[in-house]
Amino acid sequence: MQPDGTLQVREQITFDFAGSFSGAYRDIRVRKGESITDVSVSEGGTVYRPGANTKLGGFGLPDSFGVTGIDGGLRIVWHYRATDERRTFTISYRFRGLAVAYNDVVDVNLRVWGEHWPVGVANLTAVMQLPRQTELSPSYRVWGSPVWVRGVVGRAPDRATLQAVQVPAHQFVEHRVVFPRNLLTSTAGAQVRAENGLGMIVGEELASQREYARDQEKIEDAKEHPGRTLLLLLLLGLGPALGLMGLVWLFYGRELRTGYDREYEQAPPTDTEPALVPSLVKQETVPGSNEFTATLFDLIRRGRYKATPLTTERSVWGGLRHEDVADLMVTPGDETVETAPFEGPVTGVVDSVVDVAGERLSEFREEIEGDREGNSKRFKSFKDQVETAIDERGWYVSKGWFVMGAGFALFALAAIVLLWMGIAGWRATSPRWSDVVLVALGGCAVANAVALVIGASQSSLWRRRTNVGQTEAERWEAFRRYLTDFPRLQEAPPTTLELWERYLVYGIAFGIAERVLQGAQLHMPEALHEQSSIYWISPSGDLGSGPSALGIGDLSSGFGSALAPPSSSGGGGGFSGGGGGGGGGGGGGAW
């Protein structure tokens, strides 16, 4: 510190070079009212020449340096030749306006290590030489900051010192010294404030220390009460999303009352195709193998294919025994039978199997697997076209989807902003409570967004049926109950073959075909099942059920696996306060 308030700075920076390097730079922050002059660079007894190239990464003659202005500061660039060695450079400059002269004291707050250094420093030492010696009085104080940096400060009659170790990358260190104003002979190199400054400066440092202490107390309190903390995080992480989902269901997902009160429907209530009905009842849009199998049997019922009952020998017990099981020989039928668009992929699969001569139903799975890639594409096309057909029916109102989407976007945006703010200011060695809260809230926003994504997968949450769709769904649900309870009911059974066959087709679609077969075995007149092309008699006398290779459930699951896509691989003392007000600082690097 010069007697006129100018700070004569000398920095000695030691680099450990691994490899070949030829340039380095030092950025220094310069604020309003401050200026830097008389810059020089040296190494040992070698004084570098000024006027060198200041472009980072550029070429310059060894033992030269250059100075240029940058946004908010000054850049010093110097050139050398170094390979796998340790070199120490000295940068000197005169800093005017950094010191602030109050009526009672002079405040010198210098950022001796800047936050822009991309690497940390193992040992940092700063010494401020006073203009002349002074007493160790209350008007002479020394601080180091921020408090989370490991370091100590000290004061002597003629100098104030700072030592810090293991300073991480992008972490600033400030050395603040306050001494009596009467140590200066003039204030030409300082900024002048016509007020007393000691009380204000001490208050700033104490406030910073108290803020740090409060942060640590809050963090420790959260750690000491994990149950309370986890409960709060759980409420914040799921509560908003669950609340939004509840409101969406209340206003957009809850089914409307129609006044329908029948327990059973004894016949299919409408002509809706079996591939569409289960999705309507379950309020879904994606069909599966049951719908595919039901469509096949419906095509047989309507004559698009012919089916002849026969038996097939099957080996059991590892080939030790053989038994006859019920089977159907499926052959092409009347190709002029009108089909819906989504039935086209089903006929494509079946046509590729039966050809002209026909094929046993028990061999369908193996034949389908023979062209798994092509048939899986047909199956996907079947599902896609069923979804399209469902959409065209106008059964659903999906306004809640937009609310769910808006909620997800809001939570995702909040998560990005909160996490970015919290992580950008995060101090690994000593996090602030505000940053902890920001990161925690950002994590909670992520949890809420994920909860909404999971909730969106449940279409009944945000979608409801229209009045027409709800009425039809309730009637089909009553028909499904009838088929389920049919074997034990004492009501008069159907008298037409068409109705019996429709029972089985829709039973397959609902996944309750075995119940329909059981009811047919009990109630279906023998003359009708002998005429049927889709009911068949097993050797044990059952109508296509029992220990048969062609149990409908097995057949449907076999189609599902065969139609799946092929698999693929692929004041003296320690540091205090938070700092942040010191001049200088900046950073640097080498290339």
Side-chain angles (χ1 to χ4, degrees), residues 1 5 7-9 11 28-29 31 34 95 97-115 117 121 123-168 170-184 190-191 193 195-216 425 427 429-432 571-586:
M1 175 57 61
L7 196 64
Q8 181 64 47
V9 182
E11 299 182 5
I28 306 171
R29 184 176 61 164
R31 301 171 296 189
E34 299 174 346
F95 212 146
L98 178 71
V100 179
Y102 293 93
N103 292 338
D104 52 348
V105 294
V106 177
D107 180 21
V108 183
N109 192 1
L110 178 63
R111 185 164 293 189
V112 293
W113 189 256
E115 69 277 17
W117 281 98
V121 59
N123 294 283
L124 175 66
T125 300
V127 179
M128 182 177 294
Q129 186 77 35
L130 300 181
R132 55 189 175 87
Q133 291 191 6
T134 185
E135 296 179 356
L136 303 183
S137 66
S139 298
Y140 176 24
R141 299 179 182 241
V142 184
W143 293 275
S145 60
V147 67
W148 51 90
V149 171
R150 295 172 57 191
V152 294
V153 295
R155 60 178 181 166
D158 62 339
R159 68 188 60 197
T161 61
L162 173 146
Q163 290 182 310
V165 295
Q166 303 302 325
V167 179
H170 303 291
Q171 175 59 64
F172 71 87
V173 178
E174 289 179 354
H175 189 197
R176 190 174 196 178
V177 181
V178 174
F179 57 86
R181 177 167 171 170
N182 59 20
L183 297 185
L184 299 182
Q191 299 185 48
R193 306 279 171 83
E195 57 181 322
N196 289 331
L198 182 60
M200 178 186 64
I201 295 168
V202 172
E204 289 176 357
E205 293 295 330
L206 290 176
S208 181
Q209 293 177 39
R210 286 193 292 267
E211 181 182 0
Y212 171 78
R214 285 194 298 269
D215 282 349
Q216 299 311 301
R427 302 189 307 234
T429 55
S430 179
R432 289 173 292 194
F575 276 40
S576 64

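Predicted, not measured: the structure shown is a model, and the values here were computed from it.
A donor-acceptor pair under 3.5 Å is formed between the side chain of Tyr140 and the backbone N or O of Ala156. Panel note: side chain His175, backbone Gly144; no donor-acceptor pair is recorded below 3.5 Å. A donor-acceptor pair under 3.5 Å is formed between the side chain of Gln129 and the backbone N or O of Asp158. For Gln191 (side chain) and Val100 (main-chain N/O), no donor-acceptor pair under 3.5 Å exists by modelled atom type. When atom types are taken as modelled, the side chain of Asp104 and the backbone of Leu198 share a donor-acceptor pair closer than 3.5 angstrom.
In this structure, the separation between CZ on Arg132 and CG on Leu184 is 9.0 Å, given to the nearest 0.5 Å. Between the CG atom of Leu124 and the CD atom of Gln163 there is a distance of 9.5 Å, given to the nearest 0.5 Å. Note: Gln133 CD to Leu183 CG = 10.5 Å, rounded to the nearest 0.5 Å. Residue Glu204 holds its CD atom at 5.0 Å from CZ of Arg176, rounded to the nearest 0.5 Å. The NE2 atom of His170 lies 11.5 Å from the CH2 atom of Trp113; values are rounded to the nearest 0.5 Å. One distance of note links OG of Ser145 with CD of Gln209; it measures 10.0 Å at 0.5 Å rounding.
In this structure the side chain of Ile201 never reaches within 4.5 angstrom of the side chain of Asn109, judged on heavy atoms. Trp148 is not listed as a side-chain neighbour of Pro431, based on a closest heavy-atom distance of 4.5 Å or more. Considering only heavy atoms from C-beta on, Thr161 stays 4.5 Å or farther from Thr125 through its side chain. In this structure, the side chains of Trp143 and Val178 come closer than 4.5 Å at one or more pairs of heavy atoms.
Taking both residues in full, the closest heavy atoms of Pro146 and Gln171 are given as CG-NE2, 3.4 Å, listed atom of the first, atom of the second, then distance. Residues Arg150 and Gln166 come closest through the heavy atom pair NH1-CG, 4.3 Å.
Applying the 6.0 Å contact sphere to CD of Glu135 captures no more than 12 heavy atoms from other residues, nucleotides or ligands.
For the side-chain contact (heavy atoms from CB on, under 4.5 Å) with Phe179, the qualifying choice from Asp107, Val105, Val108 is Val108, the only one to do so.
No salt bridge links Arg141 with Glu205; every basic N to acidic carboxylate O contact stays at or beyond 4.0 Å.
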Arg181/Val106 under side chain to side chain contact (heavy atoms under 4.5 Å, CB included): CA gap, chis, key distance, verdict | CA-CA 5 Å; Arg181 177 167 171 170; Val106 177; 4.1 Å; yes
